[in-house]
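For clarity, every value in this text was computed on a predicted model and none was experimentally measured.
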Amino acid sequence: MSVLALTVPAPAELARETIAAHSKSFALASRLLGQRTRDHTAIVSTYCRRADDAIDDVVPSAQPAALAACATSSTTSPACLSTACSRRSRRSAPRWDPRAYPEALLAGMEMDVSGMRYTTAAELHLYCYRVAGVVGLVMSHVFGVRDDAALVPAARLGIAMQLTNICRDVAEDWERGRLYIPDELCAAHGAPGLAGDLGRPLPASAIAPLASCVRDLLAAADLHYRAADRGVPALPFRAGLAVRAARNVYSAIGSRIRATGCDVTAGRAVVPRGAKIALVGGAAVRSLAGLPQFRRVRLPVRILEVADVPLA
């Protein structure tokens, strides 16, 4: 049984619609997958979307209760997601319990619900690992990674993408009363105590320091992207192609942000469709250059922790 079959009659179709509506970049990359893997990818994406919406769609005072409900809901509990990402694990990796990763994801959402203020780069790293790195780890099992050593690169790709999201959404997050850029980084660039202004309009004096902070976070994201590239050969060909395509598109968002001088008030950075297609083509060329990669799929048995993933 797939995750969404618990509540809807056509889970794969609904999941594909969800990923198409909420993540055009991932929807494009997922088209490179085989049908079965694409459906499971969409189901994982829909799980993450439902868990996120369950919290964001209620008023802040109701968010703690909504988060608690996610742990037992038929569509957002860790046990629910485990049926999607363990479809081949009973035979090849019986010791692996996939609930560890969605539990970490909910712990990351709790950081948002609790109004976590990030003081250090290590605290931000933990958040990115929980809300995005573990998604890469879940997808490793959906895709069928051939080597436990590929898990760290998978987590680092998720972290890189989350750092890119943070850099793209600084102004939007500020309006929601959130600031993910660590205090120590703000202070280093001339905006100490900036988090204390949350709930007020973004100070004009913070624009230039925030641009410098964004540059630093994008540089950190680039390090994670490059480290993630080392794990792609451990994936089956079509999964590796899809991962490279998504990675290329997301890192291009960082390039678009840099093109604005990292101005957080410049609006959301978007990669045009034509540029996305070119980036997918580049991923295809690189994947074809790595052939042959016809090896037996073996799911990993190791459970990764945030301490296993380098900060940069």
Side-chain angles (χ1 to χ4, degrees), residues 3-4 6-7 18-19 21-23 44-82 84-85 98-138 155 158-159 161-186 193-202 210 213 217 264 268 304-307 309:
V3 173
L4 303 182
L6 295 167
T7 55
T18 301
I19 193 174
H22 293 283
S23 181
V44 172
S45 177
T46 300
Y47 167 86
C48 296
R49 171 57 55 182
R50 284 186 166 180
D52 194 47
D53 287 349
I55 297 167
D56 286 347
D57 288 351
V58 299
V59 297
S61 61
Q63 287 179 350
L67 178 64
C70 282
T72 56
S73 165
S74 62
T75 58
T76 55
S77 71
C80 168
L81 181 58
S82 71
C85 58
R99 287 175 294 183
Y101 296 142
E103 285 171 356
L105 176 66
L106 294 182
M109 293 181 176
E110 184 177 9
M111 295 170 80
D112 279 334
V113 169
S114 66
M116 174 87 175
R117 300 290 176 84
Y118 297 90
T119 302
T120 66
E123 291 173 348
L124 178 61
H125 180 70
L126 174 61
Y127 174 75
C128 291
Y129 170 80
R130 285 176 170 175
V131 299
V134 297
V135 178
L137 294 170
V138 169
I159 290 169
M161 290 177 168
Q162 185 61 31
L163 286 172
T164 303
N165 279 341
I166 287 170
C167 291
R168 180 193 63 190
D169 298 339
V170 173
E172 291 181 25
D173 288 332
W174 183 275
E175 291 176 359
R176 296 188 184 104
R178 295 174 181 173
L179 179 66
Y180 294 99
I181 299 174
D183 291 343
E184 64 179 13
L185 187 57
C186 291
L194 184 58
D197 288 324
L198 283 169
R200 307 172 189 168
L202 183 64
L210 284 174
C213 293
L217 291 182
V264 299
R268 173 172 285 219
L304 212 68
E305 303 286 347
V306 64
V309 184

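Heavy-atom minimum distance, Cys213 versus Ile181: CB-CG2, 3.8 Å. Of all non-hydrogen atoms in Met109 and Ala51, the two that sit nearest each other are CE-CB, 3.7 Å. The two residues Ala121 and Glu184 make their nearest non-hydrogen contact at N-OE2, 2.9 Å. For Ala171 against Val264, the heavy-atom pair with the smallest separation is CB-O, 3.2 Å.
Applying the side-chain contact (heavy atoms from CB on, under 4.5 Å) criterion to Val306, with sequence neighbours excluded, gives His125, Leu126, Tyr129. Among residues two or more places apart in sequence or in another chain, the side chain to side chain donor-acceptor pair (under 3.5 Å) test is passed with Tyr127 by Asp112, Tyr180.
If you take OH on Tyr118 and CG on Leu124, they are separated by 7.0 Å, rounding to the nearest 0.5 Å. Atoms CG and CG, from Leu217 and Asn165 in turn, are 12.0 Å apart once rounded to the nearest 0.5 Å. Between atom CE of residue Met111 and atom CG of residue Leu67 there is a gap of 12.5 Å, rounded to the nearest 0.5 Å. Rounding to the nearest 0.5 angstrom, the gap separating the CG atom in Asp173 from the CZ atom in Arg168 is 9.0 Å.
A heavy-atom distance below 4.5 Å is not found between the side chains of Asp169 and Trp174. The closest side-chain heavy-atom distance from Val138 to Leu105 is not below 4.5 Å. Between Pro102 and Leu106 the shortest side-chain heavy-atom distance does not fall below 4.5 Å. Side-chain contact between Val113 and Ile55 is present, with at least one heavy-atom pair separated by less than 4.5 Å. Here the side chains of Val131 and Asp52 are not in contact, with every heavy-atom distance at 4.5 Å or above. Counting heavy atoms from C-beta on, the side chains of Val170 and Leu202 never come closer than 4.5 Å. Pro182 places none of its side-chain heavy atoms less than 4.5 Å from the side chain of Thr119. Cys48 has its side chain within reach of Val135: a pair of non-hydrogen atoms, C-beta onward, lies under 4.5 Å apart.
Here Arg178 pairs with Asp56 in a salt bridge; the nearest charged N to carboxylate O distance falls below 4.0 Å. Ion pairing of Asp183 with Arg117 is absent here, as no side-chain N (NZ or NE/NH1/NH2) approaches a carboxylate O to less than 4.0 Å.
Distance alone, capped at 3.5 Å, places no donor-acceptor pair between the Gln162 side chain and the Gly158 backbone.
Heavy-atom neighbours of Glu123 CD from other residues, nucleotides or ligands within 6.0 Å: above the threshold of 12.
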